[in-house]
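Only one structure is covered here, and it is reproduced in the block below.
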Protein chains: 2
Amino acid sequence: MLYDAPKLAPHDCGDCPIRHRAVCARCDSDELSVLEEMKYYRSFQAGQTVVWAGDRMDFVGSVVEGVATLTQTMEDGRTQMVGLLFPSDFVGRPGRAGAAYNVTATSDLVMCCFRKRPFEQMMETTPHVAQRLLQMTLDELDAAREWMLVLGRKTAREKIASLLTIIARRDASLHLAPVEGRLQFDLPLTREAMADYLGLTLETVSRQISALKRDGVIELQGKRHVIVPDFDRLQEEAGDDSDGGLPE
Amino acid sequence: MLYDAPKLAPHDCGDCPIRHRAVCARCDSDELSVLEEMKYYRSFQAGQTVVWAGDRMDFVGSVVEGVATLTQTMEDGRTQMVGLLFPSDFVGRPGRAGAAYNVTATSDLVMCCFRKRPFEQMMETTPHVAQRLLQMTLDELDAAREWMLVLGRKTAREKIASLLTIIARRDASLHLAPVEGRLQFDLPLTREAMADYLGLTLETVSRQISALKRDGVIELQGKRHVIVPDFDRLQEEAGDDSDGGLPE
DNA sequence: CGCCTGCCTTGACCCAGATCAACCGACCCG
DNA sequence: CGGGTCGGTTGATCTGGGTCAAGGCAGGCG
């Protein structure tokens with residue numbers, strides 16, 4: 001699978017303009033031209049809501065630029081983020097009528113969309129697409145389960161460090177490699193959104209970020225730009241055991 | 001889809017002995033005979049581990065009888081359950097070499113298995129199976145995200161009530177309908193396993209169960225048999241807003 | 001029978017993180 | 001330029017749930 005090699009690399013699929021991983025696995029096939037005709041772009045401003053939970057959602061698509069979140073809210077206002085979407089991430093649920101969660105842009109956002117019905121029909125006639133979507137959904141499921149460990153068992157400091165490693169990994173893959181091991185990136189989330197990600201309050205997020213800064217685990221330029229002098233140190237803080245998975 | 005109608009009903013697919021939802025959607029096809037030859041059963045005692053995280057896992061399958069859990073553990077022993085498997089639930093990751101989580105039987109367990117390689121090959125030649133697996137994986141993802149809200153934002157009491165509603169719903173579908181609205185079931189988990197599910201300690205689980213009993217939300221016979229006199233009341237305690245989803 | 005082990009309960013105390021509140025700086029807009 | 005809003009920080013205090021500790025009860029076994 002060509003596009004899996006640098007697993008989190010930005011989409012760059014020759015002259016195929018569709019930043020859609022489900023599709024890109026088949027860039028070399030005839031199906032592409034069908035999708036080429038189907039696709040359209042949508043832009044959103046930071047803070048704008050793409051769809052509300054429960055609303056009919058007549059498209060699927062993927063993030064081209066920017067960051068979006070999936071959130072769930074209780075009647076009394078408690079909210080929990082359940083998904084964090086970076087460029088190349090897929091949005092939508094083939095075979096389901098409605099959106100299950102609020103989808104919100106946290107920065108200016110560009111999505112590449114396909115109307116759901118024709119996309120579903122294409123899926124039925126193109127077995128590789130369903131398989132590709134299955135793999136992507138399994139990835140999302142793994143991410144969700146990793147996140148459950150963070151939510152259920154980690155301390156506030158570990159939670160912050162975990163979030164920073166996730167953003168660093170995603171962001172690093174989109175931009176340049178670390179310069180002399182000094183990884184850096186901009187936080188695409190407000191303190192409040194980070195709190196909703198981690199099941200904390202925004203005050204605790206702020207305090208723990210200050211603490212990590214005080215302890216030299218990270219450096220800050222302004223409120224959003226983070227410099228990580230030692231990524232291994234950050235991972236330790238996150239309580240992650242070093243990756244020992246066996247890939248296919 | 002024939003087998004989705006009573007969505008959580010025990011598998012009962014005419015004379016097809018394979019309790020495998022991914023397959024059952026195609027009971028009427030030729031593929032069945034292939035699977036019939038491929039399948040084999042495995043039994044485990046309560047407490048036994050089916051596979052360890054990271055181990056090679058050369059089969060996929062589904063739970064026929066009993067309950068199993070997926071858990072994740074940090075080096076220092078903190079553990080978080082990330083999946084709770086009832087009869088008809090699928091286990092395994094087509095296309096992935098290793099198990100991502102510990103799979104453990106919490107009661108005597110019977111699984112219907114297929115060797116992974118031939119199953120994957122069958123998937124490639126049988127598009128409906130990949131699509132069925134995609135739908136099942138989307139269901140799991142929804143469950144995981146619902147659970148994230150529980151872990152991140154609910155109080156201990158709400159967590160316990162949430163778990164009880166989940167078990168009640170799954171169990172009720174496997175056994176008899178509630179008698180006069182008095183739903184009842186046996187807890188398939190120890191207090192410690194419930195704690196690992198909910199990101200709590202076993203003492204807190206015990207205390208909150210006692211509190212729900214004291215307040216008349218549930219009744220107990222012994223330590224494991226739960227009677228729910230009023231399911232709506234239990235759902236309120238769980239903080240669930242009544243389901244307003246729009247199914248396909 | 002008595003002992004042990006696994007599972008569960010309850011009490012007393014403590015602390016990480018929530019809550020409440022004051023304040024800062026950047027930005028926008030009239 | 002002044003006032004308002006938004007996002008963020010920090011301090012003081014409170015509390016839900018963790019921690020530590022002491023039993024209780026049922027089942028298995030010598």
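Reminder, nothing fancy here: chain letters follow the sequence lines and each chain counts from 1.
Distances shown here put a side-chain N or O of B:Ser206 below 4.0 Å from the OP1 or OP2 atom of C:dT9. Remark: B:Thr204 is in phosphate contact with D:dG18, judged by side-chain N or O atoms under 4.0 Å from OP1 or OP2. Phosphate proximity of C:dT10 to B:Ser210: present, with a side-chain N or O under 4.0 Å from OP1 or OP2.
A:Gly199 comes within 4.0 angstrom of sugar-phosphate atoms only, judged by non-hydrogen atoms across all strands, and of no base. Among the heavy atoms of the strands lying under 4.0 Å from A:Leu202 is at least one base atom, whether or not backbone atoms are also near. A:Thr190 comes within 4.0 angstrom of the backbone, heavy atoms only, and of no base.
Judged as a salt bridge (Lys or Arg N to Asp or Glu O under 4.0 Å), and not counting sequence neighbours, B:Glu146 has no contacts.
The local environment of CD in A:Glu203 is crowded, with over 12 non-hydrogen atoms from other residues, nucleotides or ligands closer than 6.0 Å.
Of the possible donor and acceptor atoms, one in the side chain of A:Gln80 sits under 3.5 Å from a partner among the backbone N and O of A:Asp196. Remark: side-chain polar atoms of B:Arg145 are paired, donor with acceptor, to backbone N or O of A:Val82 under 3.5 angstrom.
The interatomic distance linking A:Arg153 (CZ) with D:dG17 (P) rounds to 13 Å, in whole Å. Distance CD1 (A:Ile209) to P (D:dG7): 15 Å, rounded to an integer number of Å. Taking atom CD on A:Glu192 and atom P on C:dA18, their separation rounds to 13 Å, with Å as the unit. Protein atom CG of B:Leu187 is 12 Å distant from nucleotide atom C1' of C:dC8, rounded to whole Å. The CZ-P distance, from B:Arg191 to C:dC7, rounds to 12 Å in whole Å. We find that CD of B:Gln208 is positioned 13 Å from C1' of C:dT9, with the value rounded to whole Å. Summarising the geometry, the separation between CZ on B:Arg214 and C1' on C:dT9 is reported as 14 Å, rounded to the nearest angstrom. Rounded to an integer number of Å, the gap from CG of B:Leu198 to P of D:dG16 is 18 Å.
Comparing C:dC8, D:dG8, D:dT19 by their nearest atom to the side chain of B:Lys223 picks out C:dC8.
Residue B:Arg207 places a side-chain atom within donor-acceptor reach of the base of C:dG11, judged by atom type and a 3.5 Å distance cut-off alone. Side-chain atoms of B:Glu203 and base atoms of D:dC20 include a donor and an acceptor less than 3.5 Å apart.
Within residues 155-164 of chain B, no residue has a heavy atom under 4.0 Å from DNA chain C.
Considering B:Leu84, B:Val67, B:Asp89 in turn, B:Asp89 is the only one that fulfils the side-chain contact (heavy atoms from CB on, under 4.5 Å) rule with B:Arg170. Just one residue in the list B:His225, B:Gln221, B:Arg224 forms a side chain to side chain donor-acceptor pair (under 3.5 Å) with B:Asp186, and that residue is B:His225. Across B:Ile227, B:Asp230, B:Ile209, a single residue satisfies side-chain contact (heavy atoms from CB on, under 4.5 Å) together with B:Ile218, and that is B:Ile209.
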